[in-house]
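Take a look at the structure set out below.
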Amino acid sequence: MAYDRRELAAVFVGGALGAFSRAAFETLAAPDPGRWPWPTFVVNIVGAFLLGYFTTRLLERLPLSSYRRPLLGTGLCGGLTTFSTMQVETISMIEHGHYALAVGYTAGSISAGLVAVYVATMLVRRVRVLR
């Protein structure tokens, strides 16, 4: 199986930028199982919005490119968002008896993420295509 080294490089560069951005943002607040984990929530919602925007724009508005989607979608958004951290935070809430917070955080994260993707997609589609 042959790999496209430029595509892998695009994923690597995008992932590094996304992970660096998330790590920088996450340093703003230490995790506390009794409070809403805003840094993780915000990066996940921003990442969902960006993924909706990039995917719709790249597939429906721009010429086909072999490297934009791996760079921006897989790399940047994949490195920025953190489902695993959300899960660890949720488990910590449950272990500390904050059941309502855990359910609210999980439901809120999924719901807000879906809304963010929808809004981004609709914004891209509302912009008139110049020909």
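Heads up: numbering here begins at 1 and tracks the sequence.
To the nearest 0.5 angstrom, Phe49 atom CZ is 9.5 Å from Phe54 atom CZ. Atom-to-atom distance recorded for Thr55:OG1 and Arg69:CZ is 6.5 Å, nearest 0.5 angstrom. We find the CD-CH2 distance between Glu89 and Trp36 to be 10.5 Å, quoted to the nearest 0.5 Å. Asn44 CG to Leu51 CG: the interatomic distance, rounded to the nearest 0.5 Å, is 11.5 Å. Residue Leu17 holds its CG atom at 7.5 Å from CG of Leu71, rounded to the nearest 0.5 Å. Annotation: the span from Gln87 atom CD to Thr106 atom OG1 amounts to 6.5 Å, rounded to 0.5 Å.
Across Ala120 and Gly52, no two heavy atoms sit closer than the pair CB-C, 3.9 Å. The minimum heavy-atom distance linking Pro33 with His98 is given by the pair O-CD2, 3.2 Å.
A 6.0 Å sphere centred on OH of Tyr53 holds no more than 12 heavy atoms belonging to other residues, nucleotides or ligands. Enclosure of atom CZ in Arg22 by more than 12 non-hydrogen atoms of other residues, nucleotides or ligands within 6.0 angstrom is indicated.
Using a distance-only test at 3.5 Å, with no hydrogens or angles considered, no donor-acceptor pair links the side chain of Ser92 to the main chain of Val88.
Looking at Tyr67 and Glu7, their side chains never bring a donor and an acceptor atom within 3.5 Å of each other. For Thr40 and Thr85, the side-chain atoms include no donor-acceptor pair closer than 3.5 Å.
Hydrophobic clustering keeps Leu80 apart from Val117 (ILVMFWY residues linked when any side-chain heavy atoms are closer than 4.5 Å, directly or through intermediates). In the hydrophobic cluster analysis, where Ile, Leu, Val, Met, Phe, Trp and Tyr join through side-chain heavy atoms closer than 4.5 angstrom, Leu101 is grouped apart from Ile94. Tyr118 and Leu59 are not part of a single hydrophobic cluster, where members link through side-chain heavy atoms under 4.5 Å apart.
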